[in-house]
Protein chains: 2
Amino acid sequence: MLTNKGKYGLKAIVHLARLEAGETAQVANVAQRNNIPKKFLDAILLDLRNAGMLRSKKGPGGGYALAKPARAIKVGAVIRALEGPIAPIACASRSAFRACEDCGDIDTCPVRSVMSDVRDAIAGIVDNTTVDDLVQRSIAREPLHADYAI
Amino acid sequence: MLTNKGKYGLKAIVHLARLEAGETAQVANVAQRNNIPKKFLDAILLDLRNAGMLRSKKGPGGGYALAKPARAIKVGAVIRALEGPIAPIACASRSAFRACEDCGDIDTCPVRSVMSDVRDAIAGIVDNTTVDDLVQRSIAREPLHADYAI
DNA sequence: CTAATTATCTACTAATTTTATAGACAATAA
DNA sequence: TTATTGTCTATAAAATTAGTAGATAATTAG
């Protein structure tokens with residue numbers, strides 16, 4: 001499940017990725033443009049900054065910007081930074097494995113088996129989609145850039 | 001995310017799928033063998049019964065059994081019955097679509113775009129894996145049936 | 001230096017969801 | 001008729017999510 005935190009974070013990072021090179025955006029602006037509670041976004045952007053995806057600057061004219069090219073930021077990294085492991089269940093996680101307390105034998109557990117497949121399927125998407133991919137798709141779908149307008 | 005409810009439900013239905021043809025199992029037994037709180041499992045099996053996957057019989061000698069062959073029950077159906085839609089976010093759900101309140105334009109939303117892909121990836125696994133598949137995998141991984149024992 | 005601006009940090013609260021539990025009721029078999 | 005087993009309603013504890021309040025720190029402009 002993607003919580004509001006993850007959703008807001010993805011929207012915000014796409015917003016930042018669409019800025020001109022060198023430009024920054026302030027939290028208040030990103031929040032307003034994307035209908036995100038400002039205080040909540042404060043905490044979210046801080047997480048993404050601490051994860052190395054954003055850089056920030058205080059004071060007048062300050063704000064946030066990507067710390068690296070949008071094509072170098074995977075959607076999976078954003079989600080993991082904000083929501084933790086992507087596996088549907090801890091025993092199927094690669095980065096944060098933990099056995100269930102109720103589980104007799106992890107090797108024969110049918111739930112773990114299918115949930116590991118699900119984990120891999122999710123990773124196959126989020127770790128092969130970058131923030132730049134999202135920007136390009138958004139642009140491609142905006143009315144003025146639709147196919148029939150070419 | 002798979003909650004305990006979904007995990008317990010999957011374990012229980014696999015348990016029932018491993019019974020002899022015509023045999024039933026009582027909730028108390030399924031609960032004990034799988035380390036599931038009995039009262040919680042009561043509610044779970046009821047959900048699966050109401051979804052048409054299980055049949056039940058009251059009284060002495062009663063219990064639960066599959067309502068159809070294990071190969072006709074998809075993991076996705078079990079999860080949906082117990083946890084609702086599989087999409088990570090409502091706007092990416094096919095069965096229970098709902099727009100986000102904060103979303104300006106659903107057609108260009110980058111979050112919805114990638115989460116739709118994730119939804120399809122998850123469905124690709126859970127809707128192509130049956131309860132019988134889980135049973136077969138469990139059996140194949142049990143020590144006495146391991147490859148080296150052939 | 002001062003004042004305005006903007007990010008950072010800590011602490012807290014409210015709402016929602018998950019994870020159950022209690023106990024009465026209904027059906028069935030011996 | 002009694003013991004057994006599923007069914008149903010109501011409730012509560014625990015955990016997670018979603019936010020808010022308010023002080024602090026850094027930077028810029030004047």
Side-chain angles (χ1 to χ4, degrees), chain A residues 1-12 16 23-32 34-51 53-67 79 81-85 88-90 96 98 100-102, chain B residues 1-12 16 23-32 34-67 79 81-85 88-90 98 100-102:
Chain A
M1 204 241 320
L2 188 77
T3 66
N4 279 358
K5 189 174 187 183
K7 177 175 71 172
Y8 293 159
L10 282 170
K11 284 193 170 188
L16 295 175
E23 199 181 350
T24 67
Q26 295 150 15
V27 179
N29 192 256
V30 178
Q32 183 179 15
N34 294 278
N35 296 309
I36 301 170
K38 197 260 185 192
K39 278 293 198 179
F40 199 7
L41 189 57
D42 273 342
I44 292 167
L45 295 185
L46 208 51
D47 281 348
L48 295 179
R49 186 200 110 106
N50 292 336
M53 295 171 212
L54 304 182
R55 60 184 172 75
S56 60
K57 206 177 133 192
K58 292 180 181 179
Y64 277 96
L66 298 190
I79 294 175
L82 296 174
E83 315 222 325
I89 189 168
R98 225 190 74 233
C100 299
E101 292 179 9
D102 59 285
Chain B
M1 206 244 317
L2 188 76
T3 66
N4 280 358
K5 189 175 187 183
K7 177 176 70 171
Y8 293 159
L10 283 170
K11 283 193 170 189
L16 295 175
E23 199 181 352
T24 66
Q26 294 150 15
V27 179
N29 191 256
V30 178
Q32 183 179 15
N34 294 278
N35 295 308
I36 301 170
K38 197 260 185 189
K39 276 294 199 177
F40 199 6
L41 189 56
D42 273 341
I44 292 167
L45 295 185
L46 207 51
D47 281 348
L48 295 179
R49 185 200 109 107
N50 291 336
M53 295 170 213
L54 304 182
R55 60 184 172 76
S56 60
K57 205 176 132 193
K58 293 181 181 177
Y64 276 97
L66 298 191
I79 294 176
L82 296 174
E83 315 221 325
I89 189 169
R98 225 190 73 231
C100 298
E101 291 178 9
D102 59 286

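Naming: A, B, ... by sequence-line order, numbering from 1 per chain.
Between R49(A) and S56(A) the shortest side-chain heavy-atom distance falls below 4.5 Å. Under the 4.5 Å side-chain criterion, counting only non-hydrogen atoms from C-beta, T3(B) is in contact with E83(B). You'll find the side chain of M53(A) stays beyond 4.5 Å of the side chain of L66(A), heavy atoms only.
In this structure, the nucleotide among dA4(C), dA29(C), dT20(D) sitting nearest to the side chain of P60(B) is dA29(C). The side chain of K5(B) approaches dT19(C) more closely than any other nucleotide in the set dC9(C), dA7(C), dT19(C). Taking every side-chain heavy atom of P37(A) into account, dG19(D) is the closest of dC8(D), dT19(C), dG19(D).
Nucleotides of DNA chain D nearest to D42(A) and K58(A) differ in position, and the one nearer the 5' end is that of D42(A). The nearest heavy atom of DNA chain D to E83(A) and to V27(B) marks one nucleotide each, and the one closer to the 5' end goes with V27(B). Comparing M1(A) and A28(A) by the nucleotide of DNA chain C whose heavy atom lies nearest to each, the residue mapping closer to the 5' end is A28(A).
Per the geometry, CG belonging to N29(B) stands 10 Å off P belonging to dT5(D), to the nearest Å. Summarising the geometry, the separation between CG on D102(B) and P on dA18(D) is reported as 11 Å, rounded to the nearest angstrom. Atom-to-atom, CD1 of I44(A) to P of dT17(D) comes out at 13 Å; the value is rounded to the nearest Å. Rounded to whole angstrom, the span from the CZ atom of F40(B) across to the P atom of dG6(D) amounts to 17 Å. The CG-P distance, from L45(B) to dT5(D), rounds to 15 Å in whole Å. One can place CG of D47(A) at 13 Å from P of dA18(D), the figure rounded to the nearest angstrom. For the pair L46(B) CG and dA20(C) C1', the computed distance is 16 Å after rounding to whole Å. In this structure, L54(A) atom CG and dA7(C) atom P are separated by 12 Å, rounded to whole Å.
Checking the phosphate oxygens (OP1, OP2) of dA18(D), no side-chain nitrogen or oxygen of Y8(A) falls inside 4.0 Å. Note on N4(B): a side-chain N or O is less than 4.0 Å away from OP1 or OP2 of dT19(C). For the OP1/OP2 pair of dA29(C) and a distance below 4.0 Å, the side-chain nitrogens and oxygens of K57(B) include at least one atom meeting the criterion. Within the 4.0 Å cut-off from OP1 or OP2 of dT17(C), not a single side-chain nitrogen or oxygen of T3(B) is found.
Formation of a donor-acceptor pair under 3.5 Å by the N34(A) side chain with backbone atoms of V30(A) is found in this model.
Between the base of dG23(C) and the side chain of K39(B) there is a donor-acceptor pair shorter than 3.5 Å.
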N/O donor to acceptor pairs below 3.5 angstrom from side-chain atoms of residues 4-11 of chain A, sequence neighbours left out:
from   : atom 1 : to      : atom 2 : distance (Å)
K5(A)  : NZ     : D47(A)  : OD2    : 3.2
K7(A)  : NZ     : D102(B) : OD1    : 2.7
K11(A) : NZ     : D102(B) : OD2    : 2.9

